[in-house]
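What follows is a single structure, written as structure tokens, with notes after it.
Hydrogens, waters and symmetry mates are skipped; everything else that's a heavy atom, side chains included, is used.
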Amino acid sequence: MKALVARSYGPVENLTLADVPKPTPGPGHVLVRTEASALNAIDLALITGAVKDHLPIQHPFVPGVDVTGVVEAVGEGVSRFSVGDRILAWNGVPSGGLAEYTLVQGAPSAALRPATLSPAESAGLPTAALTAAALIDEATPRADEKVLVVGASGGVGSFVVQLAKRTGAKVLATARADEEDLLRRLGADATVNYQTSDVTAEALRWAPGGVDVVIDLTHAGPALAGAAAAARPGGRLASPLMGPSAFDRGVTAVYTGTRTPAGRLEVLAAQAAEGHLHVEIGARYSFTDAPRALADYAHKHLYGKVVITF
Ligand SMILES: NC(=O)c1ccc[n+]([C@@H]2O[C@H](COP(=O)([O-])OP(=O)(O)OC[C@H]3O[C@@H](n4cnc5c(N)ncnc54)[C@H](OP(=O)(O)O)[C@@H]3O)[C@@H](O)[C@H]2O)c1
């Protein structure tokens with residue numbers, strides 16, 4: 001089968017489409033004929049070796065943690081899925097989604113795909129929506145609280161804005177000038193241009209005294225202090241990257257990542273299928289164009305999810 005293959009750690013430009021053996025499903029595994037896959041920051045980190053000390057990979061390596069397609073074969077002990085089912089999955093570090101066939105590691109990171117959810121939407125959902133939901137769990141925005149979302153125009157951010165808004169909170173989202181309408185459509189009450197404005201100062205103008213919650217998707221470590229300064233005394237910050245557990249003025253911080261509590265992917269997929277959760281697809285590529293998709297994702301500004309269809 002054809003796959004996008006990395007032969008060693010290095011720049012994304014080194015990956016090529018190549019023939020590799022079609023995987024065989026072992027116990028608990030499901031083999032999927034891939035219909036779509038989506039790109040995520042973790043793909044770049046695994047390919048380049050940025051996280052190789054704690055997340056080493058074997059080469060040749062096929063990236064792609066988000067995948068959707070048709071079940072082609074099931075391994076021993078799999079009862080949730082049958083041949084012919086359409087599923088979507090978060091495949092984690094084993095990855096493999098950028099190939100004609102993908103080995104999915106099974107529950108609870110896989111779910112049946114609702115009939116009305118397109119392959120592209122299904123691929124765009126798992127990592128970003130699961131991570132956004134985990135951040136909302138931790139940040140616990142409440143009705144009438146004010147939430148600043150930094151990095152709102154990206155994959156995770158586009159879901160954070162929608163899920164935060166659903167709690168009844170008011171949302172201020174960072175956006176480039178040409179993304180303001182998009183962020184408002186997703187539910188933002190106001191936007192701030194992170195390229196031309198001081199986001200913290202603008203947030204303090206929007207919420208005098210500070211916002212209740214900051215969800216920052218772009219900064220890590222001490223660099224989170226800028227966004228934390230937009231929070232009120234005793235406010236909360238949540239991030240999928242790492243940083244200090246507390247900031248000045250009693251602002252507390254929580255860090256979380258992609259989580260797959262049982263049933264959550266099904267719920268998110270159902271919400272998307274019913275039109276209650278929008279999967280914002282900023283760019284689509286065909287599988288034959290996957291090398292260019294990866295390079296664009298690494299080097300260009302793209303909003304929402306970058307999806308590859310087969
Ligand atoms: N821990 C986990 O399990 C986990 C899971 C998922 C994601 N993450 C992390 O979460 C982060 C977001 O993921 P993602 O998939 O949403 O990435 P993404 O799709 O690349 O989105 C990031 C967005 O933030 C924007 N941005 C960059 N700098 C900004 C700034 N200073 N202020 C406001 N916006 C800014 C980017 O636009 P530009 O083009 O302007 O840069 C981009 O639109 C990544 O760092 C990723 O590694 C962690």
Side-chain angles (χ1 to χ4, degrees), residues 1-20 22-23 32-51 55 57 59-70 87-104 113 117-132 151 153-159 176 178-179 182 217-218 258 272 278-310:
M1 67 168 188
K2 285 268 185 274
L4 186 67
V5 177
R7 305 259 171 221
S8 61
Y9 290 119
V12 296
E13 286 74 14
N14 289 356
L15 275 75
T16 54
L17 288 175
D19 286 309
V20 296
K22 184 174 164 184
V32 167
R33 179 167 52 74
T34 313
E35 292 184 313
S37 183
L39 299 181
N40 289 281
I42 186 68
D43 298 319
L44 305 183
L46 293 170
I47 290 167
T48 59
V51 291
L55 290 176
I57 53 170
H59 294 98
F61 173 70
V62 178
V65 296
D66 285 336
V67 68
T68 186
V70 184
I87 67 169
L88 68 160
W90 175 74
N91 219 14
V93 173
S95 303
L98 287 163
E100 289 173 320
Y101 292 88
T102 308
L103 211 48
V104 167
R113 188 171 94 199
L117 201 61
S118 70
E121 291 170 308
S122 304
L125 198 75
T127 300
L130 287 166
T131 308
S153 48
V156 178
S158 62
F159 289 111
R176 293 182 179 217
D178 60 354
E179 293 166 345
L182 160 71
L217 307 163
T218 64
T258 313
H278 176 69
V279 184
E280 183 62 37
I281 298 171
R284 293 171 197 252
Y285 299 81
S286 66
F287 178 54
T288 51
D289 225 3
R292 188 169 67 88
L294 201 57
D296 287 354
Y297 181 64
H299 302 303
K300 288 187 181 173
H301 172 75
L302 301 167
Y303 64 88
K305 293 303 303 176
V306 176
V307 169
I308 292 159
T309 51
F310 286 68

[Y] and [X], any side-chain heavy atoms less than 4.5 Å apart:
| X | Y | value |
| --- | --- | --- |
| M1 | P23 | yes |
| K305 | S158 | no |
| L15 | P291 | no |
| V67 | L88 | no |
| L46 | L55 | yes |
| R176 | H301 | yes |
| D66 | S122 | no |
| F287 | S37 | no |

To the closest 0.5 Å, what do you measure between [atom1] ([X]) and [atom2] ([Y])?
| X | Y | atom1 | atom2 | result |
| --- | --- | --- | --- | --- |
| L125 | L117 | CG | CG | 6.5 Å |
| K22 | R33 | NZ | CZ | 9.5 Å |
| F310 | L98 | CZ | CG | 5.5 Å |
| I57 | I47 | CD1 | CD1 | 7.5 Å |
| H278 | L182 | NE2 | CG | 7.0 Å |
| N91 | L103 | CG | CG | 7.5 Å |

- Message: Just to verify, what does V32 make a side-chain contact (heavy atoms from CB on, under 4.5 Å) with, not counting sequence neighbours?
- Response: V30, I87, V104
- Not counting sequence neighbours, which residues clear side-chain contact (heavy atoms from CB on, under 4.5 Å) with A132? List them please.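 Here the qualifying residues are V156, F159, V160, L163.
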Over all atoms of both residues, closest heavy-atom pair of [X] and [Y]:
| X | Y | result |
| --- | --- | --- |
| G92 | V65 | O-CG1, 3.0 Å |
| E35 | V70 | OE2-CG2, 3.7 Å |
| V5 | P60 | CG1-CB, 3.6 Å |
| N40 | A38 | ND2-O, 3.7 Å |
| T127 | W90 | OG1-CD1, 3.0 Å |
| V20 | A3 | CG2-CB, 3.7 Å |

- Query: Does the side chain to side chain contact (heavy atoms under 4.5 Å, CB included) test come out yes or no for I281 and V306, once each step is laid out?
  - Reply: CA-CA 6 Å; I281 298 171; V306 176; over 6 Å; no
- Go through the steps to decide whether T34 and T102 satisfy the test side chain to side chain donor-acceptor pair (under 3.5 Å), and finish with yes or no. CA-CA 6 Å; T34 313; T102 308; 2.8 Å; yes
- Under the side chain to side chain donor-acceptor pair (under 3.5 Å) test, residues paired with R284 that sit two or more places apart: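 Scan of R284 (side chain to side chain donor-acceptor pair (under 3.5 Å), adjacent residues dropped) gives none.
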- Just jot down the salt bridge (Lys or Arg N to Asp or Glu O under 4.0 Å) partners of E179, sequence neighbours excluded, or say none. none
- Mind jotting down which residue pairs meet the side chain to side chain donor-acceptor pair (under 3.5 Å) criterion with at least one end in residues 3-12? Sequence neighbours excluded, please. none
Between side-chain atoms of residues 292-299 and protein atoms elsewhere (two or more places apart, or another chain), which donor-acceptor pairs fall under 3.5 Å?
residue, atom, partner, partner atom, Å
R292, NE, D289, OD1, 3.4
R292, NE, D289, OD2, 3.1
R292, NH2, D289, OD2, 2.7
D296, OD2, Y285, OH, 2.7
Y297, OH, A41, N, 2.9
H299, NE2, E13, OE2, 2.8

